[in-house]
Number of protein chains: 2
Amino acid sequence: MLVCPGSEAKSQHQAVHDTLDVVSGKWKLIILAVLLVRPYRFKELSRELGVSPRILSKELQEMEGHHLVTRTVCNTRPVSVEYACTAHSRTLLPVVQAMADWGYLHYEAVVGSKRPDDPTPRRHTDRD
Amino acid sequence: MLVCPGSEAKSQHQAVHDTLDVVSGKWKLIILAVLLVRPYRFKELSRELGVSPRILSKELQEMEGHHLVTRTVCNTRPVSVEYACTAHSRTLLPVVQAMADWGYLHYEAVVGSKRPDDPTPRRHTDRD
DNA sequence: CTGTATCCCGTAAGATACTG
DNA sequence: CAGTATCTTACGGGATACAG
């Protein structure tokens, strides 16, 4: 039941709001989910997520500013840049994990028929 | 380390994306966080969150459409409406809880000096 | 390859006033 | 009190082309 660790000074919804402040937008949490698996290069991320370079660049810059990713330039021939999650962004793992779990288990039941590549037959045992 | 429950068919970032689909926007998760504590009436919610009735109405309608809240009209004198979370929205508790926890513990460290009403002295033991 | 610069658009979000 | 109508604005997000 939504407890807060030994403090009433900040309301729960304020805390959620704060977190939302950092991971707002359509992409930050998704980028984080990917980078939590392994580091990626710029284009790799762009391809994997299907996001245009402009957006990706902007998101990564904001996340770097919040110390959620590191940006490492590698001395390769055409120059490649590797992005990786930080110790701090790993503290967001519970959030990402919870979201991934929920997406796996409950998305179809709430939204209804999903994308064609996942024809789950509405196993809907729990009630509303 | 970001595991998925017995399936590789859907990538983690796809699952996160799906969840984001349902709880997108600035308010849904916050509304949920509040309603997970106890039911609220419309105006109560509006006051508590500081959100205009138009936005609140829209959000609540979408959430009702996704079966994340119930809307109950009470037979009181001026008519009051109570909103409450559903069994299904309670499956999102881990997400909300994770976000609330993170907000409590890590927001200041990432963003820097916070709002004046919470002058936490930067307990910053972990490294970047 | 890694980005940035423009341009563009849809919509999220807010203010205000009004109706049932 | 509960909500809707209208209007407006800002920003998120995308395509494309281009620069380092």
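For the pair Lys58(A) (side chain) and Arg54(A) (backbone), a donor-acceptor distance under 3.5 Å is absent. Between the Thr91(A) side chain and the Ala87(A) main chain, no donor and acceptor come within less than 3.5 Å of each other. The backbone N or O of Arg41(B) sits less than 3.5 Å from a side-chain atom of Glu44(B), completing a donor-acceptor pair. A distance-only check finds a donor-acceptor pair linking the side chain of Thr19(A) to the backbone of Gly103(B) [under 3.5 Å].
Gln61(B) has its CD atom 9 Å from the P atom of dG3(D), to the nearest Å. To the nearest angstrom, P of dC11(D) lies 14 Å from NZ of Lys28(A). Computed from coordinates, the Leu60(A) CG to dG13(D) C1' distance equals 15 Å when rounded to whole Å. The distance from atom NZ of Lys43(B) to atom C1' of dT4(D) is 15 Å, rounded to the nearest whole Å.
Taking the 5' to 3' direction, DNA chain C first and last meets chain A under 4.0 angstrom from a heavy atom at dC1(C) to dT6(C).
Of all non-hydrogen atoms in Met99(B) and Leu29(B), the two that sit nearest each other are SD-CD1, 3.8 Å. When all heavy atoms of Arg90(B) and Cys85(B) are compared, the closest pair comes out as NH1-SG, 3.2 Å. When all heavy atoms are compared, the tightest approach of Val51(B) to Ser46(B) is O-OG, 2.8 Å.
Using a 30° and 60° split on the angle between ring planes, His106(A) and His88(B) fall in the perpendicular class, above 60°. Aromatic ring orientation, Phe42(A) versus Tyr83(A): tilted (interplanar angle from 30° to 60°).
Dashed line: the shortest gap from a side-chain N or O of Tyr40(B) to OP1 or OP2 of dA2(D) is not under 4.0 Å. Residue Ser57(B) places at least one side-chain N or O under 4.0 Å from the OP1 or OP2 atom of dT4(D).
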Point to revise | Nucleotide-resolved protein contact map, nucleotides 14-20 of chain D, B/S/- at heavy-atom distance under 4.0 Å | key: BB-----

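For the pair Gly25(A) and Arg71(B), nearest-nucleotide mapping onto DNA chain D gives the more 5' position to Arg71(B).
Using a 4.0 Å heavy-atom criterion, one finds that Glu62(A) contacts no nucleic acid atom at all.
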